[in-house]
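Working notes, beginning with the structure itself.
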Amino acid sequence: MSYKIVFFDVDGTLTHHENGTISAKTREIIESLKHKGLKIVAATGRPLSLCEEIKELGIDTFITANGAYTVHNEEVIHKLSMDKHVAREVFEYAAWQNHGLSFYTKELSMNGVKDDNILKALKETLSLSDYPQMNERIYDEDIYLMCLYGDDRTAEQYAQRFPQLMFKRWHPFVISVLQEDITKSVAILNVLNYFNIDQSEAIAFGDGENDIDMIELAGLGIAMGNGSDTLKSAADFVTKESGEDGIGFALKKFKVL
């Protein structure tokens with residue numbers, strides 16, 4: 001099969017699953033893929049402002065906020081933003097309940113609630129060692145994704161308070177707050193259409209629950225060895241861990257490199 005495009009999740013896929021670094025081997029692989037004429041897309045839960053290190057790899061197409069904001073260079077391919085009135089209601093309720101909320105615009109901000117579990121989740125999901133800035137009127141901006149930090153009881157509380165919204169857990173302590181379903185696969189279809197590439201010609205690499213639909217959509221879906229069991233069961237192939245050059249191992253096996 002002749003593949004034309006590769007979609008990479010970032011944290012735990014392009015980055016080392018334990019220390020968050022990008023290895024020299026991974027940098028070489030991206031350069032080799034580009035040299036062979038394949039298009040490279042980063043598909044991440046991160047906001048665009050936290051993708052600078054990924055841009056330095058020479059990647060110019062980004063699916064961010066789990067699929068809610070997609071750009072090629074400076075051109076917006078696809079975006080879904082929340083109703084500002086609804087965003088304000090959730091913002092004010094979380095402040096009253098003292099629950100942590102993060103807001104994905106082009107940048108990342110939070111509502112100022114601090115907790116050790118939140119900081120741990122920020123480290124595990126976004127490789128952050130400190131809390132993002134607080135924006136007291138974030139609901140006036142285009143918010144592409146909100147994330148609620150809490151356990152299942154917290155999620156159920158919000159589901160009852162905001163029945164018009166969807167709450168999708170993608171980390172033991174992080175829940176996406178959605179007005180309409182946001183997935184990486186919907187964004188990928190927009191990217192494929194933009195470049196006039198068929199999904200059978202796409203490869204996707206991921207490690208998390210939010211990568212399952214992306215893995216299933218691509219012609220070749222590859223789960224990292226450090227990925228979840230659910231993701232692995234959905235993949236066409238399970239490669240080595242990201243810290244063991246899992247990307248390179250898979251691309252060589254399928255003779256892409």
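Side chains included, hydrogens not; waters and symmetry mates left out as well; all remaining heavy atoms used. Since this is a predicted model, take the numbers as computed values, not measurements.
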Do the side chains of Asp142 and Lys79 get nearer than 4.5 Å, heavy atoms only? yes

Are Ile29 and Tyr3 connected, step by step, through hydrophobic side chains (Ile, Leu, Val, Met, Phe, Trp, Tyr) whose heavy atoms are closer than 4.5 Å? yes

Correct closest heavy-atom pair for Ile222 and Ile215 would be O-CD1, 3.2 Å

For Leu108 versus Pro47, what's the shortest heavy-atom pair and its separation? CB-CG, 3.6 Å

Applying a strict under-4.5 Å side-chain criterion to I, L, V, M, F, W and Y, I'd like to know whether Met110 and Trp96 cluster together. no

For Glu141 and Asn135, test the side chains for any donor-to-acceptor distance below 3.5 angstrom and give the result as yes or no. yes

If we ignore hydrogens and angles and just use 3.5 Å, is the side chain of Thr15 paired with the main-chain N or O of Gly12 as donor and acceptor? yes

Take atom NZ of Lys84 as the centre, draw a 6.0 Å sphere, and report whether it contains more than 12 heavy atoms from other residues, nucleotides or ligands. yes

When every non-hydrogen atom of Ile59 is compared with those of Ala42, the smallest separation belongs to CG2-N, 3.9 Å

Would you call the rings of Phe254 and Phe237 parallel, tilted or perpendicular, taking 30° and 60° as the class edges? perpendicular

Heavy-atom closest pair (Ser242 atom, Met224 atom, distance to 0.1 Å) is CA-CE, 3.6 Å

Distance-only, no hydrogens or angles: does the Tyr131 side chain make a donor-acceptor pair with backbone N or O of Leu122 under 3.5 Å? no

Tell me, with the steps shown, if Ser176 and Asn66 meet side chain to side chain contact (heavy atoms under 4.5 Å, CB included). CA-CA 9 Å; Ser176 291; Asn66 270 343; 4.0 Å; yes

With rounding to the nearest 0.5 Å, note down the distance linking OG1 in Thr26 to CZ in Phe8. 8.5 Å

Are the side chains of Leu14 and Thr44 in contact, using a 4.5 Å heavy-atom criterion? no

If you group Ile, Leu, Val, Met, Phe, Trp and Tyr by side-chain heavy-atom gaps below 4.5 Å, do Phe167 and Phe91 land in one group? yes

Minimal heavy-atom distance between Lys34 and Gly58, with the atoms involved, is NZ-O, 3.2 Å

Can you tell me if Thr230 and Ser228 form a side-chain donor-acceptor pair at under 3.5 Å? no

Heavy-atom distance under 4.5 Å between the side chains of Thr125 and Trp170, does that happen here? yes

Tell me if a side-chain donor or acceptor on Lys240 pairs with a main-chain N or O of Phe249 at a distance below 3.5 Å. no

Report yes if some heavy atom in the side chain of Arg46 is under 4.5 Å from a heavy atom in the side chain of Thr64; otherwise report no. no

Going through the checks in order, is the side chain to side chain contact (heavy atoms under 4.5 Å, CB included) test met by Val186 and His78? CA-CA 9 Å; Val186 171; His78 168 71; 4.1 Å; yes

In the single-linkage hydrophobic clustering (I, L, V, M, F, W, Y; side-chain heavy atoms under 4.5 Å), do Val41 and Leu50 co-cluster? no

Look at the aromatic rings of Tyr158 and Tyr93 and report parallel, tilted or perpendicular, splitting at 30° and 60°. perpendicular

Heavy-atom neighbours of Gln97 CD exceed 12 at 6.0 Å: yes

Hey, could you give me the OG1/CZ distance between Thr239 and Phe205, rounded to the nearest 0.5 Å? 6.5 Å

When rounded to the nearest 0.5 Å, the distance separating CG of Leu33 from CD1 of Ile40 is 4.5 Å

State whether the side chain of Lys184 and the backbone N or O of Met214 hold a donor-acceptor pair below 3.5 Å, judged by distance alone. no

Note, Tyr149 side chain near Val174 side chain (heavy atom, < 4.5 Å): yes

Minimum heavy-atom distance between Ser32 and Leu257, given as atom pair plus value: CB-CD2, 3.8 Å

Residues Glu31 and Arg27 bridged, charged N to O under 4.0 Å: no

Mark yes when over 12 heavy atoms from residues, nucleotides or ligands other than Asn73 sit less than 6.0 Å from its CG; otherwise mark no. yes

Give a yes or no on whether Asn19 atom CG has more than 12 heavy-atom contacts from other residues, nucleotides or ligands under 6.0 Å away. yes

If we ignore hydrogens and angles and just use 3.5 Å, is the side chain of Thr21 paired with the main-chain N or O of Ser23 as donor and acceptor? no

Hey, what do you get for CD1 (Ile138) to OG (Ser109), rounding to the nearest 0.5 Å? 3.5 Å

Give the C-alpha distance, both sets of side-chain angles, the deciding distance and a yes or no for side chain to side chain contact (heavy atoms under 4.5 Å, CB included) between Ile188 and Thr183. CA-CA 9 Å; Ile188 284 173; Thr183 63; over 6 Å; no

Set out, in order, the CA-CA distance, both residues' side-chain angles and the distance that settles side chain to side chain contact (heavy atoms under 4.5 Å, CB included) for Tyr194 and Thr61, then state yes or no. CA-CA 11 Å; Tyr194 180 85; Thr61 308; over 6 Å; no

So OH of Tyr69 and CG of Leu80: to nearest 0.5 Å the spacing works out to 12.5 Å

Donor-acceptor under 3.5 Å (Arg88 side chain, Asp140 main chain): no

Salt-bridge criterion met for Glu52 and Lys55 (N-O under 4.0 Å): yes

For the pair Asp60 (side chain) and His72 (backbone), establish whether a donor and an acceptor sit closer than 3.5 Å, ignoring hydrogens and angles. no

With a 3.5 Å distance limit and no angle check, can you tell me whether Lys232 reaches the backbone of Gly225 through a side-chain donor-acceptor pair? yes

I want to check something: taking the side chain as every heavy atom from C-beta on, are Ile22 and Ile54 in contact at a cut-off of under 4.5 Å? yes

Taking Asp213 for the side chain and Ser185 for the main chain, is one N or O donor matched with an acceptor at less than 3.5 Å? yes

Note, Val71 side chain near Leu48 side chain (heavy atom, < 4.5 Å): yes

Please check: side-chain N/O of Asn111 versus main-chain N/O of Leu101, any donor-acceptor pairing under 3.5 Å? yes

Measuring from atom NZ of Lys4 to atom CG of Leu38, what distance do you get when rounded to the nearest 0.5 angstrom? 10.0 Å

Look at the side-chain heavy atoms of Ile, Leu, Val, Met, Phe, Trp and Tyr, link any pair under 4.5 Å apart, and say whether Val113 and Leu148 land in one connected group. no

Does a side-chain heavy-atom distance below 4.5 Å link Val191 with Ile5? yes

